[in-house]
Structures are given as structure tokens and as C-alpha cells.
Amino acid sequence: MPDKGWDVFSDKDSPATAQVKDGPTSTQESARPSSAPATSSNPGSNEVRWSGTVNLTYLDLDSLPPRVLSSNTGATTWVSYDYKASGGFEKATLYGLGGGFFTTKPTIALWNAPTTPTRQQCADLISTRGAETIPVDRANSYCVKTAANRVAYLTGLTLDNDLQAYTATVTVWAATQ
């Protein structure tokens with residue numbers, strides 16, 4: 001299947017929003033340029049750097065707003081789809097950060113609790129139960145560690161039949177430690 005080079009997903013039903021530290025107090029559209037990235041050295045900080053809806057393909061979650069890339073080079077996390085010849089896909093797999101030649105690092109984890117995690121809960125889960133790959137399921141939520149040591153939470157997966165890909169609501173916390 002050809003690479004579609006998808007961008008941050010936004011439509012009238014699911015507006016993507018960005019929340020920027022020291023930026024405007026009102027909600028901004030994710031595609032708009034924003035002020036300098038917010039950072040924090042407090043490892044327990046729950047300050048949200050960005051929250052919105054993205055297509056689950058090749059994601060750079062350290063960018064503000066996050067970017068969908070054309071390949072896994074530079075991607076924080078990505079989803080590989082096993083497409084059927086008849087259209088659609090049979091399964092999808094979530095991958096963590098690249099770890100070197102043909103490897104990934106255990107930087108993703110499955111969040112099983114019915115509540116939304118804090119940044120620290122996601123970071124602890126990745127540290128203790130991190131994986132290199134996880135099968136994607138609409139009913140699941142995921143914690144992700146970025147190349148800049150930020151932590152993100154992916155939830156609310158939906159299948160976009162037009163794109164033949166999942167979309168998800170993503171929260172990226174500002175802390176980098």
C-alpha cells in the first residue's frame with residue numbers, strides 16, 4: 001500500500017487541540033504553529049504539553065504539535081498494518097522507539113486500568129512492563145516513552161475506514177525526566 005504521509009487528524013467531529021505551557025489560555029488547533037516547546041524537569045509533573053487526536057501511523061510525539069512522519073525514522077512510536085489484498089487490514093502492531101539495527105526499545109506498555117493514568121503511572125508501567133511491540137486493539141490504551149523522555153498516553157482508538165488506519169486521542173506530558 002502506498003505511503004499516504006498523513007497529518008495530524010482534525011475534523012468538525014473530533015477537533016485536535018494543543019495545550020501549550022505559557023501559551024494562550026484558550027484551546028488552539030493542533031495544526032497551528034505554537035510557541036517554544038514547554039519543558040519541565042519535575043519527573044512527577046502532570047502538566048500536559050499537548051493533547052489531541054492523531055492518525056496512528058509513524059508518530060513523532062516530541063514535536064509540538066506531534067507530527068505524523070512518512071517512515072519510522074525519527075518516530076517515537078508507530079503502527080504497522082498488515083493489509084489484506086482485498087482491502088482493509090487484518091491486524092495492527094504498535095512499535096516503540098528504534099533501538100538500533102532491526103530492533104526497538106521497550107518503550108511502550110499496555111494500560112489495563114479503567115482510569116486515566118498520571119504521567120508517573122505511565123512512566124512506572126513502561127519501566128516495569130515495557131515492551132518493544134504490542135498488538136493494537138480498539139479496546140486498549142497505551143503508555144509511550146518518547147526519545148526526549150516524555151511520556152504519552154494513547155486512548156480512544158477508533159478505526160477510520162477512509163484512511164484504513166486507527167486514530168487515537170493522545171496526551172503528551174511536558175516533563176522530560
Side-chain angles (χ1 to χ4, degrees), residues 1-20 27-34 37 48-99 102-112 114 116-117 122 126 130-148 150-173:
M1 174 151 215
D3 182 7
K4 295 184 181 184
W6 295 307
D7 231 337
V8 174
F9 176 80
S10 177
D11 68 15
K12 66 181 188 266
D13 296 325
S14 303
T17 59
Q19 297 175 349
V20 182
T27 303
Q28 301 173 334
E29 288 186 44
S30 66
R32 262 194 200 153
S34 60
V48 174
R49 182 173 195 253
W50 188 87
S51 183
T53 302
V54 296
N55 295 330
L56 292 183
T57 56
Y58 306 109
L59 297 175
D60 174 4
L61 297 175
D62 284 319
S63 295
L64 190 59
R67 294 181 304 143
V68 174
L69 306 173
S70 60
S71 74
N72 65 356
T73 302
T76 299
T77 189
W78 71 93
V79 175
S80 175
Y81 296 91
D82 291 340
Y83 290 98
K84 299 184 284 187
S86 61
F89 59 89
E90 294 178 313
K91 65 179 183 173
T93 305
L94 180 69
Y95 287 83
L97 283 171
F102 292 119
T103 65
T104 57
K105 295 179 182 177
T107 56
I108 56 177
L110 181 63
W111 179 258
N112 286 320
T116 300
C122 260
I126 293 165
E132 296 175 0
T133 65
I134 301 174
V136 175
D137 186 302
R138 280 190 275 200
N140 292 339
S141 297
Y142 306 89
C143 293
V144 176
K145 183 176 179 182
T146 74
R150 288 186 179 89
V151 176
Y153 176 62
L154 286 64
T155 192
L157 278 68
T158 58
L159 181 59
D160 185 319
N161 289 318
D162 291 335
L163 296 175
Q164 295 186 11
Y166 287 109
T167 62
T169 299
V170 177
T171 298
V172 181
W173 287 283

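Keep in mind that what you see is a predicted model, and the values were worked out from it rather than measured.
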Quiz item: Can you name the closest pair of heavy atoms from Ala152 and Val172 and give their distance?
Solution: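 Closest approach of Ala152 to Val172, heavy atoms only: CB-CG2, 4.0 Å.
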Quiz item: Taking all non-hydrogen atoms of both residues, which atom of Pro117 and which atom of Cys122 are closest, and how far apart?
Solution: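 Residues Pro117 and Cys122, closest heavy atoms: CG-SG, 3.6 Å.
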Quiz item: Is there a donor-acceptor pair closer than 3.5 Å between any side-chain N or O of Thr76 and the backbone N or O of Leu61?
Solution: yes
Exercise. Would you check if the side chain of Asn55 reaches a backbone N or O of Thr57 as a donor-acceptor pair within less than 3.5 Å?
Key: no
Self-check item: Residues that Thr107 engages under side chain to side chain contact (heavy atoms under 4.5 Å, CB included), provided they are two or more places apart
Solution: Leu97, Lys105, Lys145
Do [X] and [Y] come within less than 4.5 Å of each other through their side chains, counting heavy atoms only?
| X | Y | result |
| --- | --- | --- |
| Leu159 | Arg138 | yes |
| Thr155 | Thr116 | no |
| Leu59 | Pro66 | no |
| Tyr83 | Gln164 | yes |

To the nearest 0.5 Å, how far apart are [atom1] in [X] and [atom2] in [Y]?
| X | Y | atom1 | atom2 | result |
| --- | --- | --- | --- | --- |
| Asn140 | Asn112 | CG | CG | 7.0 Å |
| Trp78 | Thr133 | CH2 | OG1 | 10.0 Å |
| Thr93 | Tyr81 | OG1 | OH | 10.0 Å |
| Thr77 | Tyr58 | OG1 | OH | 11.5 Å |

Quiz prompt | The single option from Leu110, Ile108, Val170 passing side-chain contact (heavy atoms from CB on, under 4.5 Å) against Tyr142 | solution = Leu110
Quiz item: Under the ring-ring contact (aromatic ring centres under 6.0 Å, His included) test, which residues partner Tyr166, sequence neighbours left out?
Solution: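 Partners of Tyr166 by the ring-ring contact (aromatic ring centres under 6.0 Å, His included) criterion, ordered by chain and then number, come out as Phe89.
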Only counting residues at least two apart or in another chain, list the ones meeting side chain to side chain donor-acceptor pair (under 3.5 Å) with [X].
| X | result |
| --- | --- |
| Thr158 | Thr167 |
| Ser63 | Asp60, Arg67 |
| Tyr153 | Ser141 |

